[in-house]
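Contents: one structure, followed by commentary.
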Amino acid sequence: MEPTKDNNQGTGESATDTIVTAPVQTSTGTSDKRDQATGGGAPPPPTPPRSRRDKRSSGNGGGRGVSLLALLVGLVALGLSGWQWYQSQQLEQGRQVQLDNQLTEVRNAQRQEQRSAEQRLAGLPSGEEWQQLQRLTADMQRSQQALSQRLDTLQGDARADWKLAEAEYLLRLASLRLLAAQDVASARQLLEAVDHILQAQPDSGVFAVREQLARYQTELEALPVVDRSGLYLRLAALHDQVANLTALPVPVFDPNEVTPEEEFEDRLARRTRGERMLMRLERYVRVDFQRGKVITPLLDEAEMQRIRRTLQLTLEQAQWAVLRGEGDIYRDSLEHADGMLQQFFEVDNPQVQAMQSRLKQLAEQRITIVAPDVAPLQQGLAAYIQSRKAPTSNGASADE
């Protein structure tokens with residue numbers, strides 16, 4: 001009985017032992033018979049090699065382990081590939097969802113842009129209206145160019161004309177400052193500005209006007225500067241200080257009052273009571289037949305208020321005289337105010353003395369000047385401006 005693959009797989013190790021030992025018993029019995037038949041001279045038959053069968057049985061066991069290992073490795077590789085495929089599918093699905101969201105956002109943005117563009121285009125004019133507007137714009141530009149050219153032709157050198165008009169206005173203002181306010185300094189500045197404007201003129205016709213202007217500038221430089229506004233403000237300050245001046249004291253009559261001087265005189269001359277009363281009354285009522293003696297009036301509080309108000313009105317009269325340029329009235333008012341200070345106020349008081357000194361200084365100031373007449377200069381400038389316009393008007397009439 002030969003060992004087969006089925007027998008090896010079915011019986012295991014016991015079958016293998018039986019197969020190996022059986023030939024030994026058989027070979028022994030046959031060897032005895034063969035020895036008896038042949039007479040013991042023939043050799044015994046060869047036995048099958050045991051090593052090959054052992055190799056086959058051991059090879060079948062190792063191949064099964066390798067196949068199981070290969071099967072396990074294949075299952076692991078298959079699971080790994082399936083897991084990778086699942087992960088790749090998940091990533092693809094996530095990317096697909098993200099792309100779908102982005103496409104949705106892009107579509108929404110496109111719709112909004114399209115709506116806004118449609119709204120903007122809805123307010124725009126149509127093609128015909130646009131062409132009509134272009135034609136109107138072109139016509140307006142042509143008419144504007146024509147008007148600008150015509151205006152340049154009519155006006156000529158407009159900048160020079162404006163400068164000359166400004167010079168004429170400044171000259172009128174200088175004349176007004178001289179006649180109304182006696183402001184020599186402002187008139188000098190205005191004439192200087194007129195000279196700068198005339199200096200910029202290129203033609204030679206302005207030479208005569210500038211020569212006449214130089215004469216007036218020389219006359220104004222010789223005139224004294226009269227600061228009427230300053231005099232007015234100084235008189236206003238004195239007007240406010242009148243209420244603070246100290247008036248002469250008004251004594252109170254007391255028939256029983258006896259001064260030390262009276263007592264001394266009484267002791268010397270031994271005068272009677274009636275004589276002493278007459279001496280005290282002389283402080284309020286004086287009867288003196290000597291000429292040239294200064295008599296000081298005695299006034300109460302109400303009369304002093306009237307005196308202060310009269311002094312203020314006198315200073316206000318001097319202010320109006322300054323504004324109107326009346327020199328005689330101005331000086332008379334200041335002299336009258338000084339006389340009131342000497343008569344009704346304490347001359348030894350520092351405030352009264354300061355006001356008197358200021359009144360004397362103000363009385364020495366001049367408030368009137370003999371200003372030159374600028375009318376000839378105005379006429380000369382007007383004639384020069386008219387001469388500049390004459391060629392233009394003659395050329396326009398010749399063209400017509």
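Keep in mind that what you see is a predicted model, and the values were worked out from it rather than measured. Just so it is clear, the values below take in all heavy atoms, side chains as well, and ignore hydrogens, waters and symmetry mates.
Between D195 and R210 there is a salt bridge, with a side-chain nitrogen of the basic residue lying less than 4.0 Å from a carboxylate oxygen of the acidic one. A salt bridge does not link K360 to E364: none of the charged nitrogens lies less than 4.0 Å from a carboxylate oxygen. Look at R215 and E211 and you find a salt bridge, because one of the NZ, NE, NH1 or NH2 atoms lies within 4.0 Å of a carboxylate O, short of that distance.
Contact detail for M304 and F345: the closest heavy-atom pair is CE-CE2, 3.8 Å. Smallest separation of non-hydrogen atoms from W130 and Q134: NE1-NE2, 2.7 Å. The minimum heavy-atom distance linking S333 with I329 is given by the pair OG-O, 2.8 Å. Taking all atoms of both residues into account, the shortest heavy-atom contact from V209 to G380 is CG2-O, 3.8 Å. The nearest pair of heavy atoms linking D240 to N244 is O-ND2, 4.4 Å. Residues P224 and R366 come closest through the heavy atom pair CG-NH1, 3.7 Å.
For the pair S186 (side chain) and D183 (backbone), a donor-acceptor distance under 3.5 Å is absent. Listed for the Q241 side chain is no donor-acceptor partner under 3.5 Å among the backbone atoms of M355. Remark: the backbone N or O of L220 is paired with a side-chain donor or acceptor of R188 at under 3.5 angstrom. Between the side chain of R308 and the backbone N or O of L245 there is at least one donor-acceptor pair closer than 3.5 Å. For Q353 (side chain) and V347 (main-chain N/O), a donor-acceptor pair under 3.5 Å exists by modelled atom type. Distance alone, capped at 3.5 Å, places no donor-acceptor pair between the Q201 side chain and the V206 backbone. Judged by distance alone, with hydrogens and angles left aside, the side-chain atoms of D338 form no donor-acceptor pair with the main-chain N or O of L334 at under 3.5 Å. Of the possible polar contacts, none joining the S175 side chain to the L171 backbone as a donor-acceptor pair under 3.5 Å is found.
Hydrophobic clustering places W320 together with Y232 (ILVMFWY residues linked when any side-chain heavy atoms are closer than 4.5 Å, directly or through intermediates). Side-chain heavy atoms closer than 4.5 Å link hydrophobic residues (I, L, V, M, F, W, Y) into clusters, and following such links, possibly through other members, connects L191 to Y169. In the hydrophobic clustering of ILVMFWY residues, with side-chain heavy atoms under 4.5 Å counting as a link, L315 and L323 come out apart. At a threshold of 4.5 Å between side-chain heavy atoms, the hydrophobic network of Ile, Leu, Val, Met, Phe, Trp and Tyr places V194 and L176 in two separate groups.
Separating the CG atom in L213 from the CD atom in Q199 is a distance of 11.0 Å, to the nearest 0.5 Å. One distance of note links CG of D227 with CD1 of I367; it measures 12.5 Å at 0.5 Å rounding. We find the OH-CG distance between Y330 and L231 to be 4.5 Å, quoted to the nearest 0.5 Å. Separation of atoms CD (Q182) and CZ (R228) is listed at 4.5 Å; rounding is to 0.5 Å. Here CD of E221 is found 7.0 Å from CD of Q217. Values are rounded to the nearest 0.5 Å. Atom-to-atom distance recorded for L170:CG and R177:CZ is 13.0 Å, nearest 0.5 angstrom.
In this structure the side chain of R135 reaches within 4.5 angstrom of the side chain of Q131, judged on heavy atoms. Using a 4.5 Å cut-off on side-chain heavy atoms (C-beta onward), R95 and E92 make contact. Residues L381 and L198 are in side-chain contact: their nearest non-hydrogen atoms beyond the backbone lie under 4.5 Å apart.
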Step-by-step side-chain hydrogen bond (donor to acceptor under 3.5 Å, both in side chains) determination, Q212 to Y216: CA-CA 7 Å; Q212 194 174 7; Y216 279 99; 4.6 Å; no
Derivation of the side-chain contact (heavy atoms from CB on, under 4.5 Å) call for L359 and Q356: CA-CA 5 Å; L359 290 176; Q356 287 180 348; 5.5 Å; no
Check against side-chain contact (heavy atoms from CB on, under 4.5 Å), Q96 and D100: CA-CA 6 Å; Q96 186 67 29; D100 293 339; 3.5 Å; yes
Trace of the side-chain contact (heavy atoms from CB on, under 4.5 Å) decision for L311 with F344: CA-CA 10 Å; L311 180 58; F344 299 104; over 6 Å; no
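With no hydrogens or angles considered, a side-chain donor-acceptor pair links R309 and Q312 at under 3.5 Å.
Within 6.0 Å of CD in Q93 there are more than 12 heavy atoms belonging to other residues, nucleotides or ligands. A 6.0 Å sphere centred on CD of Q102 holds more than 12 heavy atoms belonging to other residues, nucleotides or ligands.
Residues W83 make up the rest of the hydrophobic cluster containing L80, defined by ILVMFWY side-chain heavy atoms closer than 4.5 Å, directly or through other members.
Screening residues 367-383 for side-chain hydrogen bond (donor to acceptor under 3.5 Å, both in side chains), with sequence neighbours left out, gives no hits.
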